[in-house]
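In what follows, a structure is listed as structure tokens, so that the remarks can point back to it.
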Number of protein chains: 2
Amino acid sequence: MSGPPTAGTRPDEVRRHNRTALLRRLHVGGPCTRAELAAELGLNRSTIKALVDGLAEAGVVVEQVSVKRTGAGRPSLLVLPQPRSLWVLAVDVGVEQTTVAAVGFGGEVLGTRGWTLPRGSGSPDDLLAKIGAAGRRLAERIGSEPVGVGVSVPGVVRRDGYVHEAPNLHWEGVPVGERLSAALNRPVLVGNDAELGALAEHTRGIATEAADMVFVSVDVGVGGGVISERAALRGSGGYVGELGHMVVRPGGRPCYCGCQGCWETEIGEDALCRALGLPEGSPREAVVGELRSLAGEEPQVALTRMREFTDWLGLGLINVVNLLGPQLVVLGDLLAALPDAVVDEAAETVRERSLVSRAVGGIRIVASPLGKEAKIIGAAELAFQQALSG
Amino acid sequence: MSGPPTAGTRPDEVRRHNRTALLRRLHVGGPCTRAELAAELGLNRSTIKALVDGLAEAGVVVEQVSVKRTGAGRPSLLVLPQPRSLWVLAVDVGVEQTTVAAVGFGGEVLGTRGWTLPRGSGSPDDLLAKIGAAGRRLAERIGSEPVGVGVSVPGVVRRDGYVHEAPNLHWEGVPVGERLSAALNRPVLVGNDAELGALAEHTRGIATEAADMVFVSVDVGVGGGVISERAALRGSGGYVGELGHMVVRPGGRPCYCGCQGCWETEIGEDALCRALGLPEGSPREAVVGELRSLAGEEPQVALTRMREFTDWLGLGLINVVNLLGPQLVVLGDLLAALPDAVVDEAAETVRERSLVSRAVGGIRIVASPLGKEAKIIGAAELAFQQALSG
DNA sequence: GGGCATATGTTCTGCGCCACAACATTTTCG
DNA sequence: CGAAAATGTTGTGGCGCAGAACATATGCCC
């Protein structure tokens with residue numbers, strides 16, 4: 001860190017910081033004993049007691065005598081997060097489908113609403129109104145208000161919720177955060193879908209151990225999210241990077257962004273259709289079905305048919321790894337359905353040809369285990385990040 | 001942030017944090033009054049007094065009655081950093097030249113030693129021994145020991161000082177940190193040259209206001225450093241990204257890294273020579289001289305002659321900007337000598353064709369004002385970062 | 001089953017750090 | 001020259017954590 005000095009800290013910030021750390025531990029790691037909390041947070045028993053007592057008073061946690069026998073000594077009290085005491089609204093605005101979920105403290109899903117809209121139909125305002133209504137219905141059913149709202153949007157978006165451009169939704173300049181904040185009367189945080197996919201995999205997916213990871217997903221376009229030193233990477237003005245618009249093939253196919261040969265034009269949904277021998281714009285089910293059937297074939301068959309696609313995937317990943325030096329790359333959405341042979345081949349390419357990969361050693365490239373859930377989990381975690389540090 | 005919870009904090013951490021913030025303010029921003037410190041750090045007068053008194057006791061600062069008249073009221077005491085009370089050793093291991101400098105608290109250079117070695121001559125051990133000797137001589141002259149050591153190396157390097165590979169030095173697997181730490185008996189931090197260039201520009205250069213910036217430099221190869229949210233970006237294992245080995249031209253010239261058409265092969269020193277009509281491997285002075293004379297010509301002349309170079313520069317920058325969303329890109333080393341017309345043209349390309357640039361708005365691309373000093377300043381700041389937070 | 005070792009909960013005390021208030025000092029301005 | 005203003009200086013209080021001392025619950029050994 002450098003530049004202008006950090007602001008000073010007051011002693012009460014310590015309490016806030018420790019409470020936040022404790023809440024995060026419970027939210028991410030699940031129930032545990034007071035003794036474990038003390039050990040993990042490096043705090044004294046008496047301090048943990050004070051913190052937990054405060055949270056129990058507020059109903060956020062419940063203490064109960066531990067059942068498990070671990071040896072001699074008085075058994076420690078188990079601290080259980082109470083999902084309904086503190087919950088957030090998570091929204092995944094997808095190209096074809098929008099989902100609204102209530103996610104409780106600890107990660108339990110308390111309720112879901114979802115609906116399908118044909119691609120690009122309907123105005124942003126209509127959709128936002130529907131989201132607002134769904135959110136209010138969920139709040140009614142749960143009997144309390146959410147502490148925050150997190151939204152995933154597939155596009156170029158600022159943290160305050162201004163959607164600069166979401167090409168596949170045909171949105172431009174939509175103040176999503178402002179609108180939802182007004183409709184639901186709660187703080188709203190908005191993130192890019194791939195960024196939130198990264199957050200989800202890092203919080204509750206395959207990347208919990210990876211301090212530095214990249215999430216690459218193909219929905220319609222290609223998106224990317226980066227976690228660096230356990231924190232989400234964001235650029236200036238809160239905009240997140242657009243991995244999909246890295247030019248990998250100068251003079252290649254034109255992209256709507258104004259460049260030619262963007263990674264998106266080479267491994268996006270259309271490119272995937274071409275690789276699979278399907279017409280561009282085929283329905284999602286057809287693409288996924290074809291990928292699954294290919295995954296059932298001999299590895300060599302998949303590799304041969306998807307040779308070019310695999311090469312461009314590998315090339316883009318080399319660049320991503322060379323620039324960001326992650327220890328893990330997670331492939332999401334449609335890429336999660338790729339045949340293992342294709343993923344392994346791309347991974348091998350990266351290990352062989354990426355300078356940084358050779359230095360870091362042992363970079364893993366894997367399919368997302370959270371799949372379609374990643375975006376909405378990420379949206380929830382985005383909201384929780386703010387809510388738990390309050 | 002997510003994943004495993006942050007460790008708890010004790011009340012004494014508050015003092016440490018505030019003292020570090022105060023030291024950084026003085027180091028980076030220069031002398032200022034106690035009143036200004038209180039305002040900027042958001043701390044009470046009494047707290048500032050306690051902190052400053054402690055530092056004055058240790059001789060790190062001196063207080064003196066302020067001279068400037070600013071209005072009514074008792075004039076605030078001026079707090080002056082004492083360069084000789086707290087200094088670091090900064091080392092820039094260059095391809096042709098190695099420099100060792102003593103940099104004092106506040107940024108003043110207390111002394112310098114440097115020498116030139118023909119490219120690739122001499123063993124790492126010899127060079128490290130010379131660095132150690134130069135450091136000891138500087139310490140003798142100053143009359144005290146440095147509080148830390150920072151080293152810039154042009155290669156793939158870990159924060160603990162293990163140089164995985166430095167192709168232009170012909171180094172591989174050199175434990176620079178370990179060796180110098182043993183020789184100088186001080187903590188040693190090692191960074192990649194471009195990373196430290198970024199740190200320098202962000203701390204004392206043109207990028208002090210930019211929370212998110214990228215530094216791109218051509219020394220022999222192409223290096224890059226990223227500052228994100230005022231902190232240096234590092235990948236897994238402490239390795240920094242290698243922007244130079246981003247593949248921008250698949251099937252292009254082979255690079256030692258194993259890929260073809262890396263950015264480095266298109267805008268590295270050799271590519272620059274080709275663009276200027278000089279033989280590859282021309283002496284540095286010839287390259288810089290040719291660039292300077294070209295800068296004196298009509299813009300159109302420079303643009304025409306460097307058309308291809310400018311295009312590849314612009315293309316790589318589009319990728320960098322799309323991935324990282326900086327608000328400022330600083331071009332260092334040889335790139336700092338580029339004719340304005342070339343820089344402006346590349347900047348225009350980025351503004352027109354980078355999706356993220358259009359969203360962020362007003363991305364600036366400028367030549368480094370620190371020039372060759374950047375690396376050693378960065379090395380000093382790296383050491384200070386650790387020393388001031390002790 | 002009784003006693004001991006062990007681990008944890010509970011309570012109280014002390015220390016460090018900061019904010020705030022009250023007073024002192026120094027300067028400007030009318 | 002006195003009032004106002006801004007800051008230095010000093011003492012008090014509150015907050016938060018650690019540690020000690022004691023209480024409690026469990027396992028283990030004889």
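A, B, ... follow the sequence lines: proteins, then strands. Residue 1 opens every chain.
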Rounded to whole angstroms, how far apart are [atom1] on [X] and [atom2] on [N]?
| X | N | atom1 | atom2 | value |
| --- | --- | --- | --- | --- |
| A:Leu22 | D:dG16 | CG | P | 15 Å |
| B:Ile48 | C:dC20 | CD1 | C1' | 15 Å |
| B:Arg15 | C:dA19 | CZ | C1' | 13 Å |

Subject >> Shortest non-hydrogen separation from B:Ser236 to A:Asp212 and the atoms involved >> reply: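 Between these two residues, the closest heavy atoms are CA-OD2, 3.5 Å.
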
**OP:** Can you sort out the partners of B:Glu373 under side chain to side chain donor-acceptor pair (under 3.5 Å), two or more places apart, ordered by chain and number?
**Re:**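 Applying side chain to side chain donor-acceptor pair (under 3.5 Å) to B:Glu373 gives none.
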
**OP:** Determine, step by step, whether A:Glu381 and A:His202 satisfy the side chain to side chain donor-acceptor pair (under 3.5 Å) criterion, reporting the C-alpha distance in whole Å, the side-chain angles of both residues, the deciding distance to 0.1 Å, and the verdict.
**Re:** CA-CA 10 Å; A:Glu381 293 308 324; A:His202 183 244; over 6 Å; no

**OP:** Evaluate the ring planes of B:Phe105 and B:Phe384, with Trp represented by its six-membered ring, and classify them as parallel (under 30°), tilted (30 to 60°) or perpendicular (over 60°).
**Re:**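 Ring orientation of B:Phe105 relative to B:Phe384: tilted.
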
Subject >> Steps toward side chain to side chain contact (heavy atoms under 4.5 Å, CB included) verdict (A:Thr47, A:Lys49) >> reply: CA-CA 5 Å; A:Thr47 307; A:Lys49 175 189 161 58; over 6 Å; no

Subject >> Charged N-O contact under 4.0 Å between A:Arg34 and A:Glu63 >> reply: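 Looking at A:Glu63 together with A:Arg34, the answer is yes, because their closest N to O distance falls below 4.0 Å.
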
Original post:
Given D:dG16, is OP1 or OP2 found less than 4.0 Å from the side-chain N or O atoms of A:Thr47?
Top reply: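 For D:dG16, neither OP1 nor OP2 has a side-chain N or O of A:Thr47 closer than 4.0 Å.
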
**OP:** Using a cut-off of strictly less than 4.0 Å, decide whether B:Asn18 has a side-chain nitrogen or oxygen near OP1 or OP2 of C:dC17.
**Re:**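 No, because none of the side-chain N or O atoms of B:Asn18 sits under 4.0 Å from OP1 or OP2 of C:dC17.
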
Original post:
Nucleotide by nucleotide, 5' to 3', does protein get under 4.0 Å of the base (B), only the sugar-phosphate (S), or neither (-) in nucleotides 3-14 of chain D, counting heavy atoms?
Top reply: --BBBBSB----

